[in-house]
Amino acid sequence: MSITIQNLNKQFGNFTALNNINLEVESGELVALLGPSGCGKTTLLRIIGGLDVQNSGNILFHGKNIAHRNARERSVGFVFQHYALFRHMTLFENVAFGLRVKPKKERHNETEIKRRVHELLQLVQLDWLADRYPAQLSGGQRQRVALARALAVEPQILLLDEPFGALDTKVRKELRRWLRRLHDELHVTSVFVTHDQEEALEVADRIVVMNKGEIEQVGSPDEVYANPGSPFVYEFIGNVNLFHSRTHALWTHQHGDAIAYVRPHDIEISSDPHPSSLTAIVKQIRAIGPTVRLETATLPDGEIVEIELSRERFNATPVSVGDKVFIYPRHIRLFEEKKKNPEFSAIAHHS
Amino acid sequence: MRNSSRLQPSHIKIATCEPRIVARILIAIALFYLALFLGLPLFAVFYEALGKGWELYLEALRDPDAGSAIELTLIAAAIAVPANLIFGVAAAWAIAKFEFRGKNLLITLIDLPFAVSPVVSGMIYVLLFGAQGWLGPWLQEHDIKLIFAVPGIVLVTIFVTFPFIARELIPLMQAQGKDEEEAAVSLGASGWQTFWRITVPNIKWGLLYGVILCNARAMGEFGAVSVVSGHIRGMTNTVPLHVEILYNEYNFVAAFSVASLLALLALITLLAKSIVEYRVRKDSQTIPHGETE
């Protein structure tokens with residue numbers, strides 16, 4: 001089932017949580033809402049799920065306006081950051097809850113409920129813990145139960161609010177891959193909220209980058225990473241070096257106030273000068289796994305530039321701390337810096 | 001150095017521990033204090049009540065005035081406790097799960113009966129509903145009698161005891177948040193289903209605890225009830241008021257016999273309270289996360 005969001009606005013008192021959001025989620029897609037805390041991503045998710053109400057705007061499920069339906073009538077599965085399992089019920093009863101509260105006409109008989117709950121618990125690989133209580137489980141197990149519970153009512157849409165936020169790194173990585181596999185099996189339209197760019201890049205089909213209640217960019221993980229649409233996205237996803245045009249007119253070919261964004265791995269170093277290279281001194285060298293990170297300071301300004309090289313590339317032109325090197329960008333993105341408006345707009349694209 | 005703490009000589013002082021003598025003195029003071037101010041009076045009540053034998057004791061309880069006082073006390077509690085149960089759950093639900101204007105004012109108002117002397121609250125009801133009160137003439141016109149009658153006693157009992165259940169539930173429900181209710185609703189549960197299947201099981205021990213305290217106070221309330229009751233024997237006397245009248249008439253055995261009922265109620269309340277507290281502790285004990293991924 002597809003989701004269409006039109007001109008959605010939400011205010012909490014004087015605070016604008018969502019400002020004119022328009023978004024399209026295709027049927028069967030796994031979409032990540034990514035952004036820093038307070039950017040409105042959770043509010044957007046809760047409004048889609050019917051747990052919060054927008055001030056204006058429409059939400060369409062498969063072309064049908066459901067803005068006035070409450071959470072109960074939206075047939076949406078919701079997974080909470082802190083699991084929200086029913087603490088006084090066993091795992092079995094937790095998963096069965098959605099089946100048991102159905103109106104009498106639609107309710108399955110006890111045998112069918114049992115069969116389906118066990119099927120779901122098998123799906124999340126926790127069938128052997130059916131008689132336990134939530135307090136007896138680890139965080140990762142609890143979140144899997146929460147997912148099974150949400151899937152029990154066969155929702156058309158699955159919404160996950162920072163599903164792995166409360167878990168430690170190792171469990172988080174496992175669950176991430178597991179969620180991706182599960183989604184590939186079930187193909188239920190899913191939207192999940194995260195502030196972890198790595199999680200979004202790894203799991204999602206598409207990423208919606210949000211900032212201050214607005215959507216900054218929508219695109220595939222590759223697009224968002226390789227081709228950020230705004231300075232915010234550039235800085236939020238991955239590392240980036242900033243160059244101000246006044247100091248480095250050589251690179252930016254601009255006389256106004258523009259800022260050039262260059263990823264650390266898009267900077268080339270060489271021992272010979274290049275027509276558009278800057279001179280820099282190597283300050284620090286750190287080898288991290290397969291990459292080598294250099295911290296250099298440009299001459300004469302002393303601006304810090306981070307460079308990332310593959311180990312092979314580094315070994316081909318080895319440098320040591322204190323060496324003078326010539327650096328130039330392979331890929332650069334310019335955004336105009338407006339004096340009055342702190343927002344930026346893209347003006348040029350060099351490759 | 002295995003078992004180093006066990007091998008430690010006993011005369012070595014541990015900085016965080018008081019010397020044993022200090023601990024003993026403190027315990028002795030506490031016990032003496034309890035015995036003097038709680039144990040002794042309790043003993044005295046039963047001693048005085050039973051001092052002249054079971055015959056007189058039972059006779060005092062069989063007295064029709066005593067019977068009607070017991071009945072009235074039970075009626076007042078039977079109305080006040082359920083009323084405050086409904087009010088307490090509703091107020092705690094509203095405060096814990098919703099944001100609205102005037103929330104702080106509501107919390108403050110719930111505490112009002114704790115802050116006001118019961119006699120004053122009784123006076124307020126007389127001022128409002130008494131014959132000379134603001135609403136008195138209107139009530140008389142419609143032939144409604146509140147003050148110096150059973151309805152007045154029920155009203156002040158509700159007023160004096162209404163914070164107990166709400167106060168018990170508000171922090172509990174605030175701590176539990178509304179995630180579970182939201183999860184239930186998103187799974188298709190209706191409001192009533194969510195309330196009965198999720199909210200009530202989560203607050204049941206806190207609720208019971210509040211009901212026990214509320215009941216004890218409702219049955220034992222003296223000041224406020226005394227003001228509005230008018231002390232009409234066999235009509236508007238509750239158990240505490242009946243005790244006072246008997247005592248003022250120098251009918252000590254009867255006074256203490258009836259008082260022993262209230263003392264018994266206190267003991268039962270304490271017992272029930274301890275049992276509930278024990279169950280709450282047991283329920284909240286989580287088994288350590290032995291399971292791993």
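Lettering of chains follows the sequences in order, A, B, ..., and the numbering in each one begins at 1. Just so it is clear, the model here is predicted, and its values are computed rather than measured. Every heavy atom of this structure was used, including side-chain atoms; hydrogens, water molecules and symmetry mates were not.
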Using a 6.0 Å cut-off, check whether atom NE2 of A:His62 has over 12 heavy atoms from anything other than its own residue. no
Does NZ belonging to A:Lys114 count more than 12 external heavy atoms closer than 6.0 Å? no
Looking only at heavy atoms, which two atoms of A:Ala84 and B:Ala183 are closest? And how far apart? O-CB, 4.0 Å
Counting heavy-atom pairs under 4.5 Å with chain B, which one of A:Gln81, A:Arg74, A:Glu73, A:Arg87 comes out on top? A:Arg87
Roughly how far, to the nearest 0.5 Å, is CG of B:Asn202 from CE of A:Met89? 8.5 Å
Okay, A:Phe78 and chain B: the region with an atom under 4.5 Å from a heavy atom over there is both
If one checks every heavy atom of B:Ser190 against chain A at 4.5 Å, the contacting part turns out to be both
Tell me whether the count of non-hydrogen atoms from other residues, nucleotides or ligands lying under 6.0 Å of OH in B:Tyr33 goes above 12. no
Would one find more than 12 heavy atoms of other residues, nucleotides or ligands at under 6.0 Å from atom CZ of B:Arg24? no
Heavy-atom contact with chain B under 4.5 Å, split by part of A:Arg149: both
If one checks every heavy atom of A:Phe97 against chain B at 4.5 Å, the contacting part turns out to be side chain
Side chain / backbone / both / neither for B:Gln176 at chain A, heavy atoms under 4.5 Å: both
Donor-acceptor under 3.5 Å (B:Gln193 side chain, A:Val101 main chain): yes
Would you indicate whether B:Lys97, at its atom NZ, is surrounded by more than 12 heavy atoms from other residues, nucleotides or ligands within a distance under 6.0 Å? yes
Applying side chain to side chain contact (heavy atoms under 4.5 Å, CB included) to B:Arg197 and A:Arg100, what does each step give before you reach the verdict? CA-CA 11 Å; B:Arg197 293 178 183 224; A:Arg100 291 202 197 284; 3.8 Å; yes
Look at the side chain of A:Arg72 and the backbone N and O of B:Val185, then say whether any donor-acceptor pair between them is shorter than 3.5 Å. no
With a 4.5 angstrom heavy-atom cut-off, is it the side chain or the backbone of A:Ala146 that approaches chain B, or both, or neither? neither
Toward chain B, the part of A:Val153 with a non-hydrogen atom under 4.5 Å: side chain
Which atom of B:Glu182 lies closest to which atom of A:Phe80, heavy atoms considered: OE1-CE2, 3.5 Å
A:Leu85 versus chain B, the contacting section by heavy-atom distance below 4.5 Å: backbone
